[in-house]
Amino acid sequence: RALLPEKMYVQLPSQRAPRRQSTRFSAVAKKTLAGCAAMAVMAMLFSVGYYGAATVLSSNITTSAISRMAPSHAFVFSKTKPSMDRCVSVGSEPGRRNPIQPPRFQEEMSPETSKLDFLEAKPYWDQSTLPLNTFKNKAPLTAHVVSVNRLVGPNAPGEVCEIVLDHGGQLKYWEGQSAGVIPPGIDEKKGKPHKTRLYSIASTRYGDKLDGRTMTFTVRRATYYDPDLGREDPEKKGICSNFLCDAKPGTPVTVTGPSGKVMLLPEKTPEAPLIMIATGTGIAPFRGFLKRLFMENTEAAAKFAGQAWLFLGVANSDALLYDDWWQELKAKHPDQFRYDVALSREQKNKNGGKMYIQDRVEEYGEELFAMMNEKGAHMYFCGLKGMMPGVLETLERVAEKQGLNWEETLKKWKENKQWHVEVY
């Protein structure tokens, strides 16, 4: 009776109710109680994982029975294979979801059905309103850690973490920009607060939650192995990277920015090809690029008509970053996305030596030059600054093979704003 609205419970014989009225109410109550009983069985089946049986039961519960239950006890179930995040209480607090979520990659690769435009310029390609240095060292913003996740496998040389920060929607940025982090504490050598460390932002302006409140970093934990000690020396570890990789959800993080306008997307010319060359955590800005162009429902994505080509150089397969994303993107958009890797400890170049990023670039050198010179492509570099001498030497060799003057060619690319470099 507690679950039923008034006047719907069965009247007992002792109440001497007219037979017709008793029969009518009994039929309704039977349906309702049957629904309640089925719901109870479903709950037990969900708890032990009998998805198929629960789904069959859910399809047999009559709408009339469920509608007669009190709102606080009503649930909506998917008729597909249930997962806990699909169970939402009708009368519960809006926005509350079960913490068990579907695989992240499937979420990221599914474009939003609702169009994202609340953080766009007007028109969307106009760079005159680019946000710059909204928060400075003397007046920074306090963000908070949402999550910290390890990105690499057990055999990767070093640890790389993905850090998501909640900035409350206050730090607006665009793809290709960076943000600063001021680690807590005092620099013991100088007796002053630690200096700001810049990190390329790895998310789009909408953040990984698409609400405009978060930004993501891809951070390698900086450590130093002392051969004399035979172990890592904790006194020489990176202050900021270790602070971020060790942070827990809710940890306050002092941030500045955004900064930078060298690595922006050329959205005014959506037909221009994009050549992205990254080593290690230099993948960060390109993660933001590719999410914007292929994984979000934006005008930029709808109008992008070029080809995006990603080159990623790391030590081995376990060190590849977001490889599953890029493989699926390649499968879904074979005409617009290309992906090549250089694994220095697993692959060999044409001379039998280690395969570095410049070796992979050289393999496609002629095609890359054609894209730059004939199709107005943009070439981006991001990663350790040690990558650039080898890459520049490689491109010079490619130019010479084609009878081109490398210095003049590079000068032309820079004048046309086709050349973008952010190394550290």
Side-chain angles (χ1 to χ4, degrees), residues 118-122 126-148 161-209 211-222 237-265 267 281-282 284-289 292 380-385 417 420-424:
F118 62 93
L119 291 176
E120 299 294 326
K122 297 185 184 303
D126 183 12
Q127 297 181 356
S128 64
T129 58
L130 175 72
L132 281 172
N133 301 314
T134 308
F135 296 94
K136 301 178 175 61
N137 290 355
K138 293 183 178 180
L141 172 70
T142 299
H144 293 85
V145 173
V146 175
S147 62
V148 177
C161 295
E162 176 189 274
I163 292 90
V164 180
L165 300 180
D166 186 340
H167 55 75
Q170 299 183 66
L171 198 155
K172 292 178 172 57
Y173 59 88
W174 289 3
E175 299 74 22
Q177 290 192 291
S178 300
V181 174
I182 305 175
I186 300 295
D187 186 333
E188 296 180 356
K189 294 181 179 179
K190 299 181 179 180
K192 297 180 180 180
H194 291 292
K195 291 184 178 180
T196 302
R197 272 73 164 179
L198 286 178
Y199 291 95
S200 298
I201 300 173
S203 49
T204 71
R205 66 192 71 187
Y206 295 101
D208 287 355
K209 294 182 181 297
D211 58 3
R213 295 178 58 90
T214 67
M215 63 180 172
T216 302
F217 295 143
T218 304
V219 179
R220 179 186 173 94
R221 185 191 293 272
K237 67 180 183 180
I239 299 296
C240 196
S241 65
N242 280 270
F243 161 66
L244 290 173
C245 290
D246 290 334
K248 306 297 182 185
T251 300
V253 179
T254 303
V255 297
T256 63
S259 61
K261 50 186 178 180
V262 174
M263 297 287 286
L264 300 178
L265 283 168
E267 294 183 330
T281 55
F286 307 139
R287 178 186 186 270
F289 285 7
R292 179 165 175 80
Y380 296 83
F381 300 88
C382 190
L384 294 174
K385 60 183 178 182
K417 297 182 180 181
H420 313 263
V421 179
E422 183 175 88
V423 293
Y424 39 87

Inset, instruction - Evaluate the criterion side chain to side chain contact (heavy atoms under 4.5 Å, CB included) for residue pair I163 and Y199; output intermediate values, then yes/no. - result: CA-CA 11 Å; I163 292 90; Y199 291 95; over 6 Å; no
Legend entry - Distance-only side-chain donor-acceptor flag, T281 / Y424, under 3.5 Å: yes
Inset, instruction - Can you measure from NE2 (H420) to CZ (F381) and round to the nearest 0.5 angstrom? - result: 10.0 Å
Inset, instruction - Look at the side chain of Q177 and the backbone N and O of P131, then say whether any donor-acceptor pair between them is shorter than 3.5 Å. - result: yes
Legend entry - Donor-acceptor contact below 3.5 Å, side chain N242 vs main chain A222: yes
Inset, instruction - Compare all side-chain heavy atoms of I186 with those of P193 and state whether any distance is below 4.5 angstrom. - result: yes
Legend entry - Donor-acceptor under 3.5 Å (Q127 side chain, A121 main chain): no
Inset, instruction - Say whether, by atom type as modelled, one donor and one acceptor occur between the side chain of R287 and the main chain of A202 under 3.5 angstrom. - result: yes
Legend entry - Nearest-0.5 Å distance that lies between atom CG in D208 and atom CD in E162: 6.0 Å
Legend entry - Distance, nearest 0.5 Å, that separates SG of C382 from CE of M263: 5.0 Å
Legend entry - Heavy-atom closest contact (D211 atom, T214 atom, distance): OD1-N, 4.1 Å
Inset, instruction - Quick one: closest heavy-atom pair of F217 and A179, and the distance? - result: CZ-CB, 3.9 Å
Legend entry - Between CZ on residue F135 and CD1 on residue I182, distance to nearest 0.5 Å: 12.5 Å
Inset, instruction - Evaluate the criterion side chain to side chain contact (heavy atoms under 4.5 Å, CB included) for residue pair R292 and Y206; output intermediate values, then yes/no. - result: CA-CA 9 Å; R292 179 165 175 80; Y206 295 101; 4.2 Å; yes
Legend entry - Side chain H144, main chain G250, donor-acceptor under 3.5 Å: no
Inset, instruction - For the pair Y380 and F286, name the ring-plane relationship: parallel under 30°, tilted 30 to 60°, perpendicular over 60°. - result: perpendicular
Inset, instruction - Write down the atom of L130, the atom of G260, and the distance for their closest heavy-atom approach. - result: CD2-O, 4.2 Å
Inset, instruction - For the pair E267 (side chain) and D126 (backbone), establish whether a donor and an acceptor sit closer than 3.5 Å, ignoring hydrogens and angles. - result: no
Inset, instruction - Report the distance from atom OG of S203 to atom NZ of K209, rounding to the nearest 0.5 Å. - result: 12.0 Å
Inset, instruction - May I ask you to check whether T134 and Y173 show a side-chain donor-acceptor distance below 3.5 Å? - result: no
Legend entry - Heavy-atom closest pair, residues P140 and T256: CB-CG2, 4.0 Å
Inset, instruction - Identify the heavy atoms of S200 and S178 that sit nearest to each other, and give their distance. - result: CA-OG, 3.7 Å
Inset, instruction - I would like to know whether T204 and E175 meet side chain to side chain contact (heavy atoms under 4.5 Å, CB included); could you show each step before the answer? - result: CA-CA 5 Å; T204 71; E175 299 74 22; 3.4 Å; yes
Inset, instruction - Would you indicate whether the side-chain heavy atoms of R221 and K237 approach each other to under 4.5 Å? - result: no
Legend entry - Atom pair CG/CG of L244 and L165 - distance to nearest 0.5 Å: 7.0 Å
Legend entry - side chain to side chain contact (heavy atoms under 4.5 Å, CB included) evaluation trace for V255 with H167: CA-CA 9 Å; V255 297; H167 55 75; 5.6 Å; no
Inset, instruction - Could you walk me through whether D166 and R213 pass salt bridge (Lys or Arg N to Asp or Glu O under 4.0 Å), step by step? - result: CA-CA 6 Å; D166 186 340; R213 295 178 58 90; 3.8 Å; yes
Legend entry - Check: R197 side chain, K195 main-chain N or O, donor-acceptor pair, under 3.5 Å: yes
Legend entry - Shortest non-hydrogen contact between K172 and P258, atoms and distance: O-CG, 3.2 Å
